[in-house]
Amino acid sequence: MKILALSDQESLGLWDYFDPKRLEGIDLILSCGDLDPRYLSFIATFAHGPVLYVHGNHDDRYDTVPPEGCICVEDQIYTYKGVRVLGLGGSVRYKQKGEHQYTQRQMDRRVWKRKLSLMRQGGFDILLTHAPALGLNDGEDLAHMGFDAFNTLMDRYRPRYFIHGHVHLNYGQDLPRLSSYGDTQVINAYETYTFEY
């Protein structure tokens with residue numbers, strides 16, 4: 001299965017200078033958030049498989065302009081052709097107000113509420129988030145800190161992939177696109193990244 005992951009920055013090649021051939025062979029599209037909902041709707045009209053998304057910390061606008069033709073997988077496991085995707089969007093809370101921002105404890109609770117469905121499903125294959133895991137490709141500032149709950153999920157269920165965004169690769173640091181955590185391949189989906197499952 002060929003999967004296209006997207007996050008944080010709209011790709012000119014998939015919007016302004018779009019060529020339908022760019023989506024040929026793509027079976028599944030995963031959005032890690034902070035993308036214009038019109039961009040996702042546009043991609044969904046040409047996609048040959050579902051477009052799944054979670055919210056980024058700047059996706060308050062999805063309440064009024066949702067990405068049409070796309071499927072929100074927040075707080076659920078979505079199975080496509082046998083591949084189980086667990087979606088947990090949002091970032092660490094760094095402002096008093098703001099949707100899709102959570103404390104470490106709030107994210108722990110969100111994960112705990114999924115415990116029964118995770119047991120029924122026998123785990124998951126792809127963890128789709130906006131924020132990274134704590135201490136794994138995250139930032140030192142509060143706004144870009146990762147969630148410890150994601151480390152716990154990877155320790156317990158050993159998914160094949162962990163796809164996140166939020167930490168832009170153009171921040172000027174030596175940020176890795178790919179890394180690993182135990183048996184899990186970690187991918188920073190900034191802008192676009194295509195991989196085979």
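Note that the structure is a prediction, hence the values are computed from the model and not measured. Atom set for the values below is all heavy atoms of this structure, side chains included, hydrogens, waters and symmetry mates excluded.
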- Task: Go through the structure and list residues passing side chain to side chain donor-acceptor pair (under 3.5 Å) with Y39, not counting sequence neighbours.
- Result: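 Side chain to side chain donor-acceptor pair (under 3.5 Å) list for Y39, sorted by chain: empty.
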Pairs involving [range], ordered by first then second residue, that meet salt bridge (charged side-chain N to carboxylate O under 4.0 Å, His left out) (sequence neighbours left out):
| range | result |
| --- | --- |
| residues 139-154 | none |
| residues 42-53 | none |
| residues 81-93 | R84-D125 |

- Message: Tell me whether the count of non-hydrogen atoms from other residues, nucleotides or ligands lying under 6.0 Å of CZ in R158 goes above 12.
- Response: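 Result for CZ/R158: open.
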With a 4.5 Å heavy-atom cut-off, do [X] and [Y] have their side chains touching?
| X | Y | value |
| --- | --- | --- |
| L88 | L153 | yes |
| V186 | N188 | no |
| D138 | V92 | no |
| L118 | Q121 | no |
| L127 | T129 | yes |

Would you find a donor on one side and an acceptor on the other, under 3.5 Å apart, between the side chain of [X] and the backbone of [Y]?
| X | Y | answer |
| --- | --- | --- |
| D34 | H58 | yes |
| T184 | P159 | yes |
| Q9 | Y190 | no |
| T79 | G82 | no |
| Q104 | G146 | yes |
| Q106 | T103 | yes |

Any side-chain donor-acceptor pair under 3.5 Å between [X] and [Y]?
| X | Y | result |
| --- | --- | --- |
| H166 | D8 | no |
| N137 | S179 | yes |
| N57 | H130 | yes |

At what distance, to the nearest 0.5 angstrom, does [atom1] of [X] lie from [atom2] of [Y]?
| X | Y | atom1 | atom2 | value |
| --- | --- | --- | --- | --- |
| R114 | R120 | CZ | CZ | 10.5 Å |
| R38 | R61 | CZ | CZ | 7.5 Å |
| E191 | H168 | CD | NE2 | 11.0 Å |
| R22 | T192 | CZ | OG1 | 9.5 Å |
| C70 | I43 | SG | CD1 | 8.0 Å |

- ILVMFWY cluster, L136 and M145 together (side-chain gap under 4.5 Å):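 As far as the 4.5 Å side-chain criterion goes, M145 and L136 are connected within one cluster.
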Can you name the side-chain contact (heavy atoms from CB on, under 4.5 Å) partners of [X], sequence neighbours left out?
| X | result |
| --- | --- |
| R156 | T152 |
| D60 | E99, H100 |
| T194 | K2, L4, I26 |

Pairs of donor and acceptor atoms involving the side chains of residues 10-17, under 3.5 Å and at least two apart or interchain, shall be tabulated with distances.
residue	atom	partner	partner atom	Å
E10	OE2	D36	N	2.7
S11	OG	G13	N	3.3

Grab the two heavy atoms, one from [X] and one from [Y], that are nearest each other, plus how far apart they are.
| X | Y | answer |
| --- | --- | --- |
| A149 | V111 | CB-CG2, 3.9 Å |
| L35 | S31 | CD1-OG, 3.5 Å |
| P132 | V167 | CG-CG2, 3.8 Å |
| S41 | P66 | OG-O, 4.1 Å |
| G165 | C32 | N-CB, 3.8 Å |
| S91 | A131 | CA-CB, 4.1 Å |

- Task: In sequence, state the C-alpha distance, the side-chain angles, and the governing distance for K95 and Q101, and then conclude on side-chain contact (heavy atoms from CB on, under 4.5 Å).
- Result: CA-CA 8 Å; K95 295 191 292 188; Q101 293 183 27; 3.6 Å; yes
- Query: Restricting to pairs with a member in residues 105-126, which pass ring pair (Phe, Tyr, Trp, His ring centres under 6.0 Å), not counting sequence neighbours?
  - Reply: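 Ring pair (Phe, Tyr, Trp, His ring centres under 6.0 Å) check on residues 105-126 returns F124-Y157.
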- Task: Would you please test Y181 and D155 for side-chain hydrogen bond (donor to acceptor under 3.5 Å, both in side chains) and show each step?
- Result: CA-CA 9 Å; Y181 182 90; D155 288 337; 2.9 Å; yes
- Message: The criterion is ring pair (Phe, Tyr, Trp, His ring centres under 6.0 Å); which residues satisfy it with F150, sequence neighbours excluded?
- Response: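 Testing F150 for ring pair (Phe, Tyr, Trp, His ring centres under 6.0 Å), a comparison that skips the adjacent residues, returns F147, F162.
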- Message: According to side chain to side chain donor-acceptor pair (under 3.5 Å), does anything in residues 63-77 pair up with another residue at least two apart or in another chain? List the pairs.
- Response: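 Checked against side chain to side chain donor-acceptor pair (under 3.5 Å) - neighbours excluded - the pairs reaching residues 63-77 are H55-E74, E74-R110, D75-R110.
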- Message: Does Y53 form a side-chain contact (heavy atoms from CB on, under 4.5 Å) with L6? I'd like the steps, not just the answer.
- Response: CA-CA 9 Å; Y53 72 91; L6 311 167; over 6 Å; no
- Message: Please give the remaining members of the hydrophobic cluster of Y197, linking ILVMFWY side chains under 4.5 Å, ordered by chain and number.
- Response: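 Joined to Y197, directly or through intermediates: M1, I3, L28, L30, L52, V54, I71, V73, Y78, Y80, V83, V85, I126, L128, Y161, I163, L178, I187, Y193, F195.
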